[in-house]
Amino acid sequence: MSARVAATRDRSAPIKISSLSQWTDPQWHLDGMRPGLRRHLLRIDWSFDLPDGSRFTDRQWAAWLEDTRQFLWSMRVDPPLGRVHARPRTLVASFCKLRILIRWMVAERMHGYDELDRDAVECFLRTLASRPSRSRGGTLSASSRHAYAIIILSLYLQRRKLINPPPEHPFAAERASVVSCHTRDSRGSFPYTPDAIAVPLLSAAIRLIGQPADDVIALRNQAAPLYEQRRAQGFGDRKLRAAVVALIDSFRFSTIVGEESPWHPKIEAAKRLRFLMERIYDACFVTIAYLVGARVSEILALEAGCVEHRSASDGCEDFSYLRGRIFKTATHGAGEPHLWAAPPPVLRAIDVLERLSEPLRRRTGRPELWLIMRGNGIVDTRSADVLTLHSLIARLNGSFAPFVALPAHTDGRPWHLTTHQGRKTFARFVGKRDRTGLHALQHHFGHVTRIMTDRAYVGTDFELGELVDAQALDETRAALEELLTASRLGGRAGRMLADRSQFRGRTMDGDLAAYIDFLIDESGMRLGVCDWGYCAYRAESAACRGDEHGPNPTWRTESTCVRCANFAVTERHRPVWEARRSRNLSLLSNSRLDPVSLALARTRIAECDRILAELTGDSHAAPEPAGAADPL
């Protein structure tokens, strides 16, 4: 044990660490507030209690307190080589872990980090491994234990900045992951929402922000003013509530076009109206998160009037964007300005949010779209604030998912929604080369893709771009494996691959994997987006007249793809062509169709017959459509 040094010498400590706090304050109130946060989430309270009944700010712990302050602040202003400068929220999270470490050390009769040798670290991590997890049940995960190990390692790496530093490397020069048992498998990641859940989730959200949102806002706009008017007239609580309840009881919700009954039965209380208002808010969040890909902090910071319209590079189309701020990668707390591509459902969600939040924005003078009232009613004079992350997660899982009857996961358990899933799922859907399973959502993601690939679009959310590119690469790799090993393929590129592939009928092995790597790395091959097959896209042979960005969405149809040298079909796409054949067969019996339309239906049936025959292996498949040049 080293001789402990008293905290008396000048450490050149900064005097002011934020706009609200000084170095020696018993509490640090950090800067970095943004919509969705609360002030206590940026607070470090040095005066926490210890197992011996003292507090960490007591005189006996002065040197240790100074070391802890120096360490935390150094992670902000001068982190170890290769580490990023810690943001305020990260400092608070690190402090919470240090507090647990310090309490354990005091219980073990230690008095500073200079007693945190290798044996002490091993004992602490062993104790930590048996600690119950509050969120998961059981004990702390390897990921959580790893976070503590990183803090302990950082104390050693910053030892030259401390008065009484740790005496030795805590893990004998091993990586922290070796000690914490944190592996690639245990690391995990924020998951995307599986297609079988994401499609009905987003479809339900888009449905709710349509006519249901108009109904709920209309009822709110009648009930809330009536409540305030009667209260101003001096009515007592009983008569006041009776008038509002009578109005609510008389309201009838609309029947959505194509449905047979009102989207919601009549309600009889203001609490239920507040419940429906919150579900509309939730639906707006899901729509924006899954169709824009912004982080939750960026969505909650959106303000009224955030929609911008700009012309595409060719001037033939106007695109819409959401104007907001990126906080995670910003160099300052105010965030970096950014524009996100916004398809029509997102524009509708913003319109709904502006109308929902208008009374609160007018009363508070604040511009945020996610202001919420306290209590459970439809009127509340107390201060309003932006919805928090934790409240939003609780609402999505506790109220919204049951309200829209969200399907269970494949294991039968309810799927747990998180705010980050929208971003991951958006990247997955935009990166998808085959969007057959997205049903009605195909159009929306196609619209986003056109905006993001337009020459006039300059996005600064590079992490999101990397997520999209990674998804596209994964799909390209999986599709090439399927195309190279399939016994039968349809389409012109499919017939060529089926004739030439040396891997037909084989399973994935080293040779195939190496060949796929060669195709991707050397040729730069990427799949074009296609909902009825695979597009091994090359601009020079694209029948849809696409460019270097990919297929031309205006000309890209099933009929165009059938005669394209880039097009291939596998068994997974058979249902799409069977459904198309059935639809056109039904048209032949329609006596109201003119001869031109009937001829078109027969042509489409012949196209489907050819693709299906190729998948079946029929050597007597229909001949190639006339006029189809072969650029191969």
Side-chain angles (χ1 to χ4, degrees), residues 33-41 205 208-210 212-232 237 240-241 243-245 247-248 251 267 269-289 294 296-307 322-325 327 335 346-396 398-400 403 419:
M33 275 296 293
R34 62 172 185 260
L37 289 183
R38 297 293 183 265
R39 179 55 67 183
H40 72 273
L41 297 175
L208 279 177
I209 64 174
D214 290 339
D215 285 356
V216 170
I217 294 172
L219 180 53
R220 190 277 310 268
N221 289 347
Q222 296 176 43
L226 176 62
Y227 182 94
E228 293 176 334
Q229 177 188 359
R230 291 299 179 98
R231 184 173 59 186
D237 288 346
L240 193 156
R241 284 195 296 267
V244 174
V245 168
L247 185 151
I248 291 175
F251 189 88
I267 58 178
K271 285 186 177 180
R272 187 63 183 179
L273 174 55
R274 172 65 178 274
F275 175 87
L276 293 178
M277 290 168 59
E278 291 179 348
R279 301 297 73 77
I280 300 300
Y281 270 111
D282 298 341
C284 289
F285 176 82
V286 169
T287 300
I288 297 172
V296 60
S297 60
E298 297 150 4
I299 296 174
L300 295 180
L302 291 173
E303 299 178 353
C306 64
V307 174
L322 297 188
R323 183 182 66 253
R325 293 170 287 163
F327 295 98
V346 171
L347 303 183
R348 170 67 180 181
I350 295 298
D351 173 69
V352 169
L353 284 171
E354 289 182 338
R355 289 185 288 146
L356 268 176
S357 63
E358 191 277 331
L360 289 175
R361 289 186 288 109
R362 176 166 28 90
R363 178 165 65 83
T364 62
R366 296 176 57 175
E368 295 96 343
L369 293 173
W370 297 93
L371 293 173
I372 57 170
M373 289 185 295
R374 300 187 185 185
N376 298 314
I378 57 174
V379 175
D380 197 304
T381 58
R382 291 173 290 181
S383 61
D385 210 340
V386 173
L387 186 67
T388 66
L389 167 66
H390 298 294
S391 297
L392 181 56
I393 293 175
R395 283 168 47 157
L396 289 174
S399 299
F400 187 73
F403 183 70
T419 53

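Here, residue 1 is the first one in the sequence, and each next residue gets the next number. Keep in mind that what you see is a predicted model, and the values were worked out from it rather than measured.
In terms of heavy-atom proximity, W370 sits nearest to I299 at NE1-O, 2.9 Å. Scanning all heavy atoms of the two residues, the minimum distance from L360 to L371 falls at CD1-O, 3.4 Å. Contact detail for C284 and A349: the closest heavy-atom pair is SG-O, 3.7 Å. What you find for S357 and L369 is that their closest heavy atoms are CB-O, 3.5 Å. Here the shortest heavy-atom pairing between L387 and L300 reads O-CD1, 3.4 Å. Taking every heavy atom of both residues into account, A384 and R363 meet most closely at CB-NH2, 4.3 Å.
Taking 4.5 Å as the limit, some side-chain heavy atom of R361 sits within range of a side-chain heavy atom of E354. A heavy-atom distance below 4.5 Å is found between the side chains of V307 and L322. The shortest side-chain heavy-atom distance between P359 and M373 does not fall under the 4.5 Å cut-off. Residues I267 and L219 meet the side-chain proximity criterion, which asks for heavy atoms closer than 4.5 Å. The closest side-chain heavy-atom distance from P212 to R279 is not below 4.5 Å. Considering only heavy atoms from C-beta on, V296 comes within 4.5 Å of F285 through its side chain. Within the 4.5 Å cutoff, the side chain of F251 has no heavy atoms near those of the L273 side chain. Side-chain contact between L208 and F403: present, with at least one pair of heavy atoms (C-beta onward) separated by less than 4.5 Å.
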Checklist line | Audit row: R272, I248, side-chain contact (heavy atoms from CB on, under 4.5 Å) steps and yes/no | finding: CA-CA 10 Å; R272 187 63 183 179; I248 291 175; over 6 Å; no
Item checked: Stepwise side-chain contact (heavy atoms from CB on, under 4.5 Å) check, I217 with I280 -> CA-CA 9 Å; I217 294 172; I280 300 300; 5.7 Å; no
Note to self: For a side-chain contact (heavy atoms from CB on, under 4.5 Å) check, start with the C-alpha distance between L347 and D351, then their side-chain angles and the critical distance, and finish with the verdict.
What the structure shows: CA-CA 6 Å; L347 303 183; D351 173 69; over 6 Å; no
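Between R366 and D385, at least one side-chain nitrogen of the basic residue sits less than 4.0 Å from a carboxylate oxygen of the acidic one, meeting the salt-bridge criterion.
A cation-pi geometry, defined here as NZ or CZ lying under 6.0 Å from the six-membered ring centre and within 45° of its normal, holds between R34 and F327.
The CG atom of N376 lies 13.0 Å from the CZ atom of R374; values are rounded to the nearest 0.5 Å. In this structure, CD1 on I350 lies 10.0 Å from OG1 on T287, to the nearest 0.5 angstrom. To the nearest 0.5 Å, atoms OH (Y281) and CD (E278) are separated by 9.5 Å. We find the CZ-CD distance between R325 and E303 to be 5.5 Å, quoted to the nearest 0.5 Å. In this structure, CG on L396 lies 5.5 Å from CG on D282, to the nearest 0.5 angstrom. Atom CZ of residue R355 and atom CZ of residue R220 lie 9.5 Å apart, to the nearest 0.5 angstrom.
Residues S399 and R395 have side chains that never bring a donor and an acceptor to within less than 3.5 angstrom of each other.
In this structure, R274 contributes its side chain and I378 its backbone to no donor-acceptor pair below 3.5 Å.
For D380, the salt bridge (charged side-chain N to carboxylate O under 4.0 Å, His left out) partners two or more places apart in sequence, or in a different chain, are R382.
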